[in-house]
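Residue numbers begin at 1 in each chain, while the letters A, B, ... track the order of the sequences. Only a predicted model underlies this, so the values are computations on that prediction, with no experimental measurement involved. Note: hydrogens, waters and symmetry copies are ignored here, and every other heavy atom, side chains too, is used.
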Protein chains: 2
Amino acid sequence: MPSSENKSKFLDSQEYPLAFEERNRNSPKICAICNGSTNCFHYGVPSCNGCKTFFRRCILSGKEYQCQSEECCLITKGSRCKACRFKKCIQVGMNPNAIQTSKNISKMITDVITQQKEIYKSNDKANIVDNSQYKYGSTFLDDQSSPKISPHLSLTSEITFEKTLNELLYIEYKYKLLRESLFTGHEFWGFSIDDLFLKKSTLGSVENYQKPHNWPLPMTFKYERSVFEIDENEFQVQKKKFRYCYKHWIITDAILTLDYTKSLPFFNNLPINDKKCIIKHVGASLLIAIKAFYSYVMNHKYIYYPDGWTPIIVHKNATNLEVEVYVETVKPLYRLMLTNEEFCLLKILIICCGVSADISNNSRKILEDAKEYYSYILFAYLQVKYGNIKGATRFADIISLITTIFLYGQKFKEFRLLLNLAIEKLDPKSSRMPLPKIVQLFMEN
Amino acid sequence: MPSSENKSKFLDSQEYPLAFEERNRNSPKICAICNGSTNCFHYGVPSCNGCKTFFRRCILSGKEYQCQSEECCLITKGSRCKACRFKKCIQVGMNPNAIQTSKNISKMITDVITQQKEIYKSNDKANIVDNSQYKYGSTFLDDQSSPKISPHLSLTSEITFEKTLNELLYIEYKYKLLRESLFTGHEFWGFSIDDLFLKKSTLGSVENYQKPHNWPLPMTFKYERSVFEIDENEFQVQKKKFRYCYKHWIITDAILTLDYTKSLPFFNNLPINDKKCIIKHVGASLLIAIKAFYSYVMNHKYIYYPDGWTPIIVHKNATNLEVEVYVETVKPLYRLMLTNEEFCLLKILIICCGVSADISNNSRKILEDAKEYYSYILFAYLQVKYGNIKGATRFADIISLITTIFLYGQKFKEFRLLLNLAIEKLDPKSSRMPLPKIVQLFMEN
DNA sequence: TTAGTACAAGTTGTGCAT
DNA sequence: GATGCACAACTTGTACTA
């Protein structure tokens, strides 16, 4: 049932005469009641002259009809079941308020509107996705190839939503498995950015990696002072003390995140330069979202990695920026108690927000369509789960989270910049290996 | 008029959907009746061609219409309720005397003016918003202490939404009238904050103030350097050059905004300390939202006040912070093409977001309930206006705007702080009158 | 810049033939 | 008596003039 042709007064969005060029596009062809031909609206609904007159007479006469059959007669031109024809008029949204009369027909009108609401309610129940059906991708687990999300950007059926969300959950599941395994993407550290964009996604080969039994490792060592407070000598001492037993998380997450984006068809089909632009724009925020969510999932109050690495406690006197990046980022997730489903959609919406002036118009359009699509899925999901009102509120909360995460992303970049400057000053010969190009792309300003 | 130099710097028209020309300045963008687009005034009110013709025909025909619903239909382009559309014409102040005709329509005119007065009177008696009409408002008027079931279950009806939204539009209309009049709230500048919270709202006395005929005044004087660049001597020269012909906008807007919040039942019933907390938290953002929206409505690309005052062009070499506060703030509104209805709800949602750790649990609950209520109204409105999918997307966009505005609010505070420090340094004896306490509350950090 | 007007086109109401 | 058609009556927004 078309939701744009609407019901009560508040919902009366039917416009009057349209501009010339719009007319052909917007003028109806088929009577919504009897399928006859028409080219105009009556009482808010595309309808033929006959059905118009029929509805009018029904309302004015106030008569109530009874179906002689089973209240589901097919209405065609010439149909004779008045009860079913009138019911159909209501169902498609004919507006009795549009009948101009001095006669008091208010009771009839209230009845009609109540009836309309009941019809809508029963339809909603039948159509909208039932959440309890969502399984955590169990049917996909046999799939050996790298996962892909179906590229359907048409919003025709709720089934599609369900499918899309399940696919997202499945990819996220794989992402999590790899992240919690020994996978570091070490073999790709030397790759150019272009090569990384072109290589096969690693999300397909989860089985090759496992989670070590001794994780999380204990955080046994801590420094008295941070790199911002020490001199060259102390830095050399710290370096020796540091044990390379943790994963290099910023590299791992950057590589995995890039592979994740490849499973998003709307993203993967963009020109490579636009992809780079987008990653540059949203990369840091994506990393923050991922780190924060999986810390929160493990019930940690600050950024915490599966191998036990906990940056905020590695030295005393954390700076404000460190507190923001490593502690504050987790808080909104607790406040909202974000679910897995919500997180998956949030991640995608962060990517869709990477619309910058630098990308092509075509790509921008694609991103905007994707944003529309996924935000609607999020919305539909929340409506089903929490009901109309709570659902809308929660939707607002989660959307607000996007901007918050962007802020933290920016702070993350600032922090990394300061960190790099400090280390470069302490160790000008740069005995450290340079960070992979891809991390630079994520952290560029 | 701004110098061409400034123009090239700030007026990058590519960022706006519409091409701007100098002559479009000061022309309105939105029809005050139906929210359609327009760029001229008719019968004293910014209005589209359709509403203009409609009002004219109503007056000339002398017909009286009857609303088939509850006399609170939302008026949009294409709305069919003649009674409510005409009522809105009157409400926003269309002037029947401006109709030029030989026909005797004097009776009709007197009627209309009487009607206008009645609308004012009836609304004002109830301290602007009639609480008793709100199931919502009255719920916690009666019952502050006992645990509550969500009071919104009663709000399933679209009629309630329409009514609430129309009331908000009406308050906003009054706010705008006062803001665009000679009203400066001068008599309250010496009031303590508590007294300001307790005094009667000025939104009830719109008739006492008028918009001066010579507005907007031209921006005739500009300084070579800003207060950040000059010494004591030059400051004294600047001071002499400055003509006090503009309103002191930050004070006016702060006082009016405070009065505005008093018309919101959910806010007005909070304990005064919590009110102060909230204003401190959201005040600067509210001011930014208001300044930016009314600049955008008048088709200006930077903050511009009804009397012609244009802070960004008062000196050369605007700082980054000034550009952010006075130019960037307006851009998102053009990007979204925000409507009046959306703005009214946005404003309230900004207030509802003033949930801080410092307010009582009870107040927090009230704010959260209000947030739920108004965000659902916004949501329902958008669903009806744009359909399911586009509606959800637009909802997301508008909600995101809240966080953006908070950011700009913070920058606004920073800017005011720097400005005060600079002036204090240049003029330590502080010959200037100290700002009213209420402005300090709005600008506190 | 804004008031007035002519016109095209959409929509409602109604008499009449079937 | 119910139905659908044709057309009259009315409403609306736009384009244009002054």
Side-chain angles (χ1 to χ4, degrees), chain A residues 5 12 14-28 31 33-61 63 65 75-83 85-86 89 94-103 105, chain B residues 21-28 31 33-61 63 65 68 75-83 85-86 89 94-103 105 213 216 298-299:
Chain A
E5 274 104 50
D12 183 12
Q14 185 48 58
E15 308 220 341
Y16 233 71
L18 296 156
F20 193 78
E21 67 272 14
E22 296 259 308
R23 210 166 43 240
N24 283 337
R25 215 186 318 148
N26 286 349
S27 71
C31 170
I33 293 104
C34 73
N35 276 321
S37 74
T38 182
N39 51 11
C40 49
F41 289 79
H42 295 291
Y43 310 117
V45 169
S47 44
C48 67
N49 216 330
C51 292
K52 168 200 90 168
T53 320
F54 172 79
F55 181 69
R56 177 165 205 278
R57 286 198 263 245
C58 283
I59 294 289
L60 290 177
S61 73
K63 271 181 197 158
Y65 302 106
I75 308 301
T76 58
K77 203 165 173 179
S79 153
R80 286 288 177 276
C81 175
K82 290 188 273 283
R85 190 183 189 186
F86 183 61
C89 287
M94 278 201 158
N95 176 12
N97 275 317
I99 292 172
Q100 299 165 358
T101 177
S102 52
K103 223 170 136 182
I105 51 168
Chain B
E21 292 167 21
E22 290 286 327
R23 65 186 170 80
N24 276 344
R25 298 282 165 68
N26 292 323
S27 64
C31 170
I33 293 103
C34 75
N35 256 322
S37 72
T38 181
N39 50 14
C40 48
F41 289 77
H42 296 289
Y43 311 118
V45 170
S47 45
C48 68
N49 218 329
C51 290
K52 168 199 90 168
T53 320
F54 174 80
F55 181 69
R56 177 165 205 279
R57 286 197 266 243
C58 282
I59 295 287
L60 290 178
S61 74
K63 270 182 199 156
Y65 301 107
Q68 300 292 335
I75 307 301
T76 59
K77 197 170 174 181
S79 155
R80 302 298 258 314
C81 179
K82 293 188 269 282
R85 191 182 186 184
F86 183 62
C89 287
M94 276 202 161
N95 176 13
N97 280 314
I99 292 174
Q100 302 162 359
T101 178
S102 53
K103 220 170 137 183
I105 52 167
H213 298 294
M298 292 305 288
N299 223 347

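- Below the 3.5 angstrom threshold, one finds a donor paired with an acceptor across the side chain of Arg57(B) and the base of dG13(D).
- Ring pair Tyr43(B)/Phe55(B): centre-to-centre distance below 6.0 Å.
- For the pair Phe55(A) CZ and dT12(C) P, the interatomic distance rounds to 11 Å; values are reported in whole Å.
- Considering only side-chain N and O atoms, Lys52(B) lies nowhere under 4.0 angstrom from the phosphate OP1 or OP2 of dG13(D).
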Check against side chain to side chain contact (heavy atoms under 4.5 Å, CB included), Ile75(B) and Phe86(B):
CA-CA 10 Å; Ile75(B) 307 301; Phe86(B) 183 62; over 6 Å; no

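- What separates NZ of Lys82(B) from P of dT11(C) is a distance of 13 Å, to the nearest Å.
- For dG4(C), the OP1/OP2 oxygens have a side-chain nitrogen or oxygen of Arg56(B) closer than 4.0 Å.
- Between Arg85(A) and Gly50(A) the shortest heavy-atom distance is NH2-C, 3.5 Å.
- Across the interface with DNA chain C, nearest-nucleotide mapping of Cys40(B) and Thr53(B) shows Cys40(B) to be the residue nearer the 5′ end.
- Look at NE2 on His42(A): it is 11 Å from P on dG10(C), rounded to the nearest Å.
- For Tyr65(A) and dG1(D), the OH to P distance is 13 Å, given to the nearest whole Å.
- Within the 4.5 Å cutoff, no side-chain heavy atoms of Cys89(B) are placed close to those of Cys58(B).
- A close approach under 4.0 Å does occur between a side-chain nitrogen or oxygen of Arg85(A) and OP1 or OP2 of dG4(D).
- Rounded to an integer number of Å, the gap from CD1 of Ile59(A) to C1' of dT12(C) is 15 Å.
- Proximity of Tyr43(B) to the phosphate of dG4(C): a side-chain N or O atom is located under 4.0 Å from OP1 or OP2.
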Applying side chain to side chain contact (heavy atoms under 4.5 Å, CB included) to Thr38(B) and Lys52(B), what does each step give before you reach the verdict?
CA-CA 11 Å; Thr38(B) 181; Lys52(B) 168 199 90 168; over 6 Å; no

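- Straight-line distance from the CG atom of Asn39(B) to the C1' atom of dT14(D): 14 Å, rounded to whole Å.
- Rounded to whole Å, the distance from CG on Asn49(B) to C1' on dT5(C) is 11 Å.
- As rounded to whole Å, 13 Å separates atom P of dT12(D) from atom CZ of Phe86(B).
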